[in-house]
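Values reported hereafter were calculated over all heavy atoms of this structure, with side chains retained and with hydrogens, waters and symmetry mates removed. Residue indices begin at 1 and follow the sequence shown. For clarity, every value in this text was computed on a predicted model and none was experimentally measured.
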Amino acid sequence: MPDVLVTGALSTLGLAISRKFHDHGFHVYGTARDGLRSFPYGKLLELDFEKDDLSSLDSIGSLDVLVNNAGVFTSGLQADLDDDLFLKVIDINVTGLFRVTKKVLPLLIASSGAIVNISSINSIHPGFGGTAHYDGSKGFVSSYTASLAAETGLRVNAVAPGLIAAERLIGSALEAEFCSRAIRKSMVDPDDVAELVWFLSVAKGIYGETIVLDNGYLKG
């Protein structure tokens with residue numbers, strides 16, 4: 001049975017990705033800050049990016065796919081942005097991704113595995129206002145993806161979703177703004193993103209790419 005590690009597995013997108021791999025017969029390792037919560041698709045491991053505690057990953061004996069999904073979003077105008085909010089985004093979106101990848105890279109090299117990173121359309125457009133620090137963190141994800149593929153020879157790719165449908169966003173001004181511009185007038189279905197993540201994990205010949213999945217927002 002192949003093995004996949006999905007960080008941020010309890011988020012809306014993390015659950016959709018974990019379910020997709022579970023349905024394809026993978027043994028799923030998921031990560032969360034609270035490793036004791038219910039996780040229906042495999043084994044949940046506790047990680048604390050801010051404390052650099054990745055010791056739970058030592059229990060993984062083999063790995064075929066890494067999905068770097070863990071991320072955090074904060075907003076604030078650059079002139080007023082609190083350092084703590086900035087560092088929280090960098091600690092998880094940038095440093096956390098780097099540390100997890102470095103930790104399990106030997107396993108992926110041994111299996112000739114794949115890495116799929118979750119970027120954002122904010123990495124290639126100005127975002128929604130007050131998000132320069134977040135957008136920059138996702139720009140790192142896309143650049144890191146391309147360079148890591150070249151460095152390792154592994155199939156390292158990224159997905160850049162638009163606004164992912166989540167219960168907390170239903171009826172929000174952000175949903176209205178996104179849907180008014182998108183060609184498909186809805187937020188992005190997390191199952192659609194999970195399908196693309198799955199495809200990139202098994203497709204041959206795709207290296208270092210960031211694939212946009214945004215319901216046509218950037219074309220609207």
Linked, directly or transitively: [X] and [Y] (ILVMFWY side chains, under 4.5 Å):
| X | Y | result |
| --- | --- | --- |
| Ile183 | Ile121 | no |
| Leu200 | Tyr207 | no |
| Tyr134 | Val212 | no |
| Leu163 | Ile170 | yes |

Sequence neighbours excluded, the answer for side-chain hydrogen bond (donor to acceptor under 3.5 Å, both in side chains) partners of Ser55 is Asp53

Residue set satisfying side-chain hydrogen bond (donor to acceptor under 3.5 Å, both in side chains) with His27, at least two apart, ordered chain then number -> Asp3

If you look at every heavy atom in [X] and [Y], which pair is closest and at what distance?
| X | Y | result |
| --- | --- | --- |
| Pro190 | Ile164 | CB-CG2, 4.1 Å |
| Ser137 | Ile90 | CB-CD1, 4.3 Å |
| Thr210 | Ala160 | CG2-CB, 3.7 Å |

| task | Start with the C-alpha gap between Asp191 and Arg19, add the side-chain angles, then the distance that decides, and say whether side-chain contact (heavy atoms from CB on, under 4.5 Å) holds. | result | CA-CA 9 Å; Asp191 288 334; Arg19 180 170 61 251; 2.7 Å; yes

Hey, does [Y] have a side-chain heavy atom less than 4.5 Å from the side chain of [X]?
| X | Y | answer |
| --- | --- | --- |
| Tyr29 | Val104 | no |
| Leu66 | Leu107 | no |
| Phe178 | Leu169 | no |
| Val156 | Asn117 | yes |

Just how far is it from atom [atom1] of [X] to atom [atom2] of [Y], taken to the nearest 0.5 Å?
| X | Y | atom1 | atom2 | result |
| --- | --- | --- | --- | --- |
| Thr31 | Asp48 | OG1 | CG | 11.0 Å |
| Arg33 | Ile92 | CZ | CD1 | 6.5 Å |
| Ser143 | Leu148 | OG | CG | 12.0 Å |

Quick note, side chain to side chain donor-acceptor pair (under 3.5 Å) partners involving residues 151-171, not counting sequence neighbours, are none

Contacts satisfying side chain to side chain donor-acceptor pair (under 3.5 Å) that involve residues 172-183 (not counting sequence neighbours) are Glu177-Tyr217

With sequence neighbours left out, write down each residue that passes side chain to side chain contact (heavy atoms under 4.5 Å, CB included) with [X], or none if nothing qualifies.
| X | result |
| --- | --- |
| Phe140 | Val94, Leu97, Tyr144 |
| Ser123 | Ser119, Lys138, Ser142 |
| Ser59 | Lys43, Leu45 |

In a table with atom names and distances, give each donor-acceptor pair under 3.5 Å that connects a side chain of residues 5-14 to protein atoms at least two apart or in another chain.
residue : atom : partner : partner atom : Å
Thr7    : OG1  : Asn69   : N            : 2.9
Thr7    : OG1  : Ala70   : N            : 2.9
Ser11   : OG   : Gly8    : O            : 3.0
Ser11   : OG   : Gly14   : N            : 2.9
Ser11   : OG   : Asn69   : ND2          : 3.3

| Could you go step by step and tell me if Val100 and Leu47 meet the side-chain contact (heavy atoms from CB on, under 4.5 Å) rule? | CA-CA 10 Å; Val100 169; Leu47 289 187; 4.1 Å; yes

Taking Asn215 for its side chain and Ser186 for its backbone only, find out whether a donor-acceptor pair lies under 3.5 Å. yes

Practice prompt. For the pair Ser111 (side chain) and Leu63 (backbone), establish whether a donor and an acceptor sit closer than 3.5 Å, ignoring hydrogens and angles.
Written response: yes

For residues 71-86, run the donor-acceptor check on the side chains, cut-off 3.5 Å, and write out each pair with its distance to 0.1 Å, sequence neighbours left out.
residue : atom : partner : partner atom : Å
Thr74   : OG1  : His133  : NE2          : 2.8
Asp82   : OD1  : Asp84   : N            : 2.7

Contacts satisfying salt bridge (Lys or Arg N to Asp or Glu O under 4.0 Å) that involve residues 57-68 (not counting sequence neighbours) are Asp58-Lys103

With sequence neighbours left out, the residues meeting salt bridge (charged side-chain N to carboxylate O under 4.0 Å, His left out) with Asp23 are none

Donor-acceptor pairs are to be reported for all side-chain atoms of residues 192-199 against protein atoms at under 3.5 Å, with residues two or more places apart or in another chain.
residue : atom : partner : partner atom : Å
Asp192  : OD2  : Arg184  : NH1          : 3.2
Glu195  : OE1  : Lys20   : NZ           : 2.5
Trp198  : NE1  : His24   : NE2          : 3.4

